Amino acid sequence: MKRVGQLAFVVSVVALLGGCPEETNPNPNPNEDLVAPPAGEGVQIGTGEQPVPAGKEVQNCFFFKVSELLKQAGLDESKPFNLHRVQAFQNDGSHHMNIFRVKTLTSEAEGGMNPEKSPYLSADAAPDAKGGPCFKSTNWADWPLIANTQIDGTLDWEFPEGVANKLNPDEWIMLQSHFVNATTKQTPDGSGQVLVNFWHMPEEEIVHEMGTVFATKQSIRVCQGNPEPQFFGGCQIGSADPVTVVGANGHFHSRGKGFEMYTWDGIATEPDADGKFYASTDWQEPEMARGESLATIPANGGVFYTCDFQWSEPPAPLSCADLNAFDAEKYMTEEADQDCCYTFGPQVDRNEHCNIFVYYYPKSDDVVCE
Amino acid sequence: MVRSCVLLALIASASACGDSGTGGGGAGGSPPAACEFPFIGDETAPPEIEIFAYGADGADYPISDGTVLDIIEPPQGGRVIFVGARARNLPGCGLLLTGALRDPTSQQVRFDTRTVNLKPDSEGWGSVELGNLSVYANIPVCSNKWSDQDIFGGDFSLEVKLKDKQGGEVEKIVNVTTACTAVSQAETPPEATLAGCFCICKAGYVTGESCEGGRGAGGAGGGS
């Protein structure tokens, strides 16, 4: 396993865990194992070592200003960063790493995050714990995806020739890191670290802008009395021309048994077997499908996705009573309807997800998911 | 608004049912067994289906041609209509319920599919658990990036299908219209909920458009 020991940063993280979020070095932990891009070609960002004690789930949010990243990369701070290649490293115990471009900000009074006060460190362990603002999905409900990985180790993905995701200098981006050291997943070293290299493409080489789709089916319930549920959903990409899918991965937790994606014409209500371009049965290390062309989505079509689950007993120390209590508090589910259900949410042991990540080109500004 | 009578038979029969298959997992007690509902009706007869909608007043209403369906804001934002089903001559466990609202001109559709159980009633039918919206089709109709007409007040085709694991299925298709309501499960104030509905459900809504008094298009995802 790759290790980085930078005591000063660890001390600063530990200090931050004990208090309120405050400003931090936006590039705290350059790493010799994942070599940073040379000046003028890209930039490395990271989380530093994040303590993940036994029994805890830790989800932290780190914000970066694109103009600062351009500066660190030795690039023109007044022009976009044209992301063409992503390298991402996570040590064992990672659940996911997502990078979003910041859009609508929920006010701090309503529990939102302020990029200027990054990082937001949210540790959650006890059954009644709620986590902090970095666990609150409504805080990034409309933030477009930039990159994600769910694997331990290193992802290295260079987009197809001429394809880049343009990040404007005045934008903020957020790196969200989730590590689990609980029952269904463990972080052996009690510490989680993420490093990401963003590689830049010169403007004149761009042929297509990359677009992304991030969907969360929030009405899912995986219940004891309905133990093998399936859920289908769709995302429409408003484009007068077909678009090409170049990357895809699905995301669920340990009750997830099968995740599939298909091209969709916006008309069918059943998946088209001939259009299947993604399948995963591994919740911990789901496949990150990548390619020059995984699929071609028809004009004004989209992605049809399916999630299959198998209910199981809550992992200790959780019980059905804990799940029911969460269901009652979060979703106001009446006692008669409580059924030891895993409901939508970020915490691996007590919640479930049915989320899709899709990368395509050319970009459309008009994407709607169900 | 067209309103038919409440499904008295449904409610009465449901309240008379036992709890043998689902629900009732009380905190701290023994959780209920997995679904054990029997086949409902006659295995040699063709499946039959009746459909109903969850209204803004919290009651269920049967759906037939001309019914007005209430548009409600769910917890994640956006807008949905909730459609349930009762049926017979089908298994009681593990059916796929699909609810879809289709624009009759463009044929574009918005749909939701989920696995449900049908609780037997005293009339030989089985129904999704009334009032439990997690077993209704949660059809996401807004934001409106899919229809050339306003979603509220527009003319649509509602398609509701039940499909069992053995391949048996039954479908009902009716012509309906829809209406914005001030009902929000996202704790949005009523005036803002209604204004937001008229904004994000209108024809020509543009993603990211500011909706006076209303929340945006919802948090179920999106992209660029």
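Every chain is numbered from 1, with letters handed out A, B, ... down the list of sequences. Since we're looking at a predicted model, the values are computed, not measured.
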Between A:D337 and B:E129 the two heavy atoms that sit nearest each other are OD1-OE2, 2.9 Å
Minimal heavy-atom distance between B:C35 and A:P227, with the atoms involved, is N-CD, 4.4 Å
For [X], which atoms come within 4.5 Å of any heavy atom of chain B: side chain, backbone, both, or neither?
X: A:Q236; value: side chain
X: A:E334; value: neither
X: A:Y359; value: neither
X: A:A328; value: neither
X: A:S319; value: neither
X: A:D265; value: backbone

- Flag, side chain of A:D366 to backbone of B:V206, donor-acceptor distance under 3.5 Å: no
Hey, does the side chain of B:S134 reach the backbone of A:R221 with a donor-acceptor pair shorter than 3.5 angstrom?
no
If one checks every heavy atom of B:N138 against chain A at 4.5 Å, the contacting part turns out to be side chain
Honestly, the part of B:V116 sitting under 4.5 Å from a heavy atom of chain A is backbone
Approximate separation, where rounding is to 0.5 Å, of [X] [atom1] and [Y] [atom2]:
X: A:F231; Y: B:L96; atom1: CZ; atom2: CG; value: 10.0 Å
X: B:K145; Y: A:S364; atom1: NZ; atom2: OG; value: 8.5 Å
X: A:E270; Y: B:K163; atom1: CD; atom2: NZ; value: 4.0 Å
X: A:S219; Y: B:Y136; atom1: OG; atom2: OH; value: 14.5 Å
X: A:N226; Y: B:N117; atom1: CG; atom2: CG; value: 4.5 Å
X: B:R114; Y: A:C354; atom1: CZ; atom2: SG; value: 10.0 Å

Notebook entry, point to check: Can you find a pair of side-chain heavy atoms, one from B:V109 and one from A:W264, that are under 4.5 Å apart?
Noted result: yes
Candidate pair B:Q108 and A:I267, rule side-chain contact (heavy atoms from CB on, under 4.5 Å), full reasoning: CA-CA 5 Å; B:Q108 287 280 315; A:I267 294 172; 4.2 Å; yes
Exercise: do A:T269 and B:R102 side chains pair donor with acceptor under 3.5 Å: no
